[in-house]
Amino acid sequence: MPELPEVEVVRRGLSRWITNQEVLDVEVLDPRSVRRHRQGPIDFVTSLRQAVLEQPQRRGKYLWIPLHHAPIEQKSPTALVVHLGMSGQILLSHHSAPAPHHLRIRLRLDSASGHGQAPTELRFVDQRIFGGLYLDRLVPTADEPDELIPTTVTHIGRDPLDNHFDVDHIYQVLSKKQTAIKRALLDQNLVSGIGNIYADEALWRAKIHYNRPCNRLSRKQVRTLYQCVQKVMEQALKEGGTSFDALYVNVNGESGYFDRSLNAYHQEGKYCRRCLAEGYDTFIRRDKFMNRSSYYCPRCQRKPRTTQR
DNA sequence: ACTCTGTCCTGGAAGC
DNA sequence: TGCTTCCAGGACAGAG
């Protein structure tokens, strides 16, 4: 399940190989993968053809590649926006390599214009079709006029690895929220890039129960929690991201190995590693929360007294 | 204004 | 064996 570290691994791979390459041709094999492109699949193909791909950017789980249309007068800057959803992959291959099973979109690239052994095709593969590609206009952000982001990403909050990430501002917002802390962690408008895996891992590290009301957390607890988010994401990035199966891979099709470092997520029934080190044999538990699983240690992460859903 | 649920999707696993 | 049901969850529309 791609969250921030996985998307960043993909961004770095793309940056190395596709920057300054021209799109020779585009093929949409499943129109559902471009459903967020309002003007439809045909416009997607014709608008992307002959565009030159610039340095890929990211905010949270959103990835975008600014486009440069060499021969055409630039109306306003645009970008190819990528969201991997649940199972999306960006793969760089030779165009003659066999097509993977869930191949949805292919971009033929002009490898001759760039690096010698560059791949000749960018492929979007997506089993569950929650992800997709679309074109969008780039606009300056509200607080940094030199920073351009797609209009559809303006409502997304800065992520924990962003230089302008401001934890005191986050605390101010959280102190007014009634809702459970995990719901706030997963809310991409406040802070982006956190999904179910890193939410559970950060809460475990910070020893906070997923159902703790936001407005009952101290400034210190909020600081600690977001430091834990940053630490767990930095470690995951170092280890190439989390892969449970073939659903998440980097641009070369390789899996990350952060799943071996997980302390809570997917660890139901296993000993809590921290408790074990302290001489307790507590098991990690799984609760249903927000229609998904929440993994936690019942000793380290005590339930709030007033349990609300 | 804020909070929360339902929906989109596929395929592997579990249940009968 | 073969069928059905469940489960995974990111983002957003729309309900409360």
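Letters go in sequence order (proteins before strands), and every chain restarts at 1.
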task = Could you tell me the separation between the CZ atom of R35(A) and the P atom of dC9(B), rounded to a whole number of Å?
result = 5 Å

inquiry  = I want to check one thing: is the phosphate of dT10(B), taken as OP1 and OP2, less than 4.0 Å away from some side-chain N or O of S87(A)?
reply    = no

message = Under a 4.0 Å threshold between the charged nitrogen and the carboxylate oxygen, would E8(A) count as salt-bridged to R11(A)?
response = yes

key: Separation of atom CG in L63(A) from atom P in dG10(C), rounded to whole Å   = 17 Å

key: Residue H83(A), side-chain atoms from C-beta onward, closest of dC9(B), dA11(C), dG9(C)   = dA11(C)

inquiry  = Tell me the interatomic distance from R58(A), atom CZ, to dG10(C), atom C1', rounded to whole angstroms.
reply    = 16 Å

Nearest-angstrom distance from the residue atom OH of Y265(A) to C1' of dG9(C) = 8 Å

key: Phosphate OP1/OP2 of dC12(C): any H155(A) side-chain N/O under 4.0 Å   = yes

ask   = Should R128(A) be listed as having a side-chain N or O under 4.0 Å from OP1 or OP2 of dG9(C)?
value = no

message = Pairing donors with acceptors under 3.5 angstrom, does anything connect the side chains of Y296(A) and D287(A)?
response = yes

task = Identify, between K176(A) and R292(A), the residue whose nearest nucleotide on DNA chain B lies closer to the 5' end.
result = K176(A)

key: Lys/Arg-Asp/Glu bridge criterion (N-O < 4.0 Å) met for D143(A), R158(A)   = yes

d(CD1, I194(A); C1', dG9(C)) in whole Å = 16 Å

message = In this structure, how many angstroms lie between the C1' atom of dA8(C) and the CZ atom of F289(A), rounded?
response = 17 Å

remark   = Winner on side-chain proximity to Q178(A), out of dT3(B), dA11(C), dC9(B), is dT3(B)

key: Nearest to side-chain heavy atoms of L186(A), which nucleotide of dC12(C), dC9(B), dG10(C)   = dG10(C)

ask   = Taking atom P of dA11(C) as reference, at what distance in whole Å does atom CG of L185(A) sit?
value = 14 Å

inquiry  = Tell me whether the ring of F130(A) lies stacked over the dA11(C) base, given a 5.5 Å limit on centroids and a 30° limit on the plane angle.
reply    = no

Per R183(A) side chain, nearest of listed nucleotides dC12(C), dT10(B), dC4(B) = dC4(B)

inquiry  = For a quick test of reading the model: is some side-chain N or O of R36(A) closer than 4.0 Å to OP1 or OP2 of dC12(C)?
reply    = yes

message = Quick one, V191(A) and L185(A) - any side-chain contact, counting heavy atoms below 4.5 Å?
response = no

request  = Identify which nucleotide among dA8(C), dT10(B), dT3(B) has an atom closest to any side-chain atom of S293(A), counting heavy atoms from C-beta outward.
outcome  = dA8(C)

ask   = Closest to the K177(A) side chain: dC12(C), dC4(B), dT3(B)?
value = dT3(B)

task = Using side-chain contact (heavy atoms from CB on, under 4.5 Å) as the criterion, point out the one residue from L107(A), D25(A), L24(A) that pairs with R49(A).
result = D25(A)

ask   = OP1, OP2 of dC9(B) versus side-chain N and O of H102(A): anything below 4.0 Å?
value = no

inquiry  = Whole angstroms only, please: what is the CD-P distance between Q127(A) and dG11(B)?
reply    = 5 Å

inquiry  = I'd like to check T154(A) versus T141(A) (side-chain heavy atoms, cut-off strictly below 4.5 Å). Are they in contact?
reply    = no

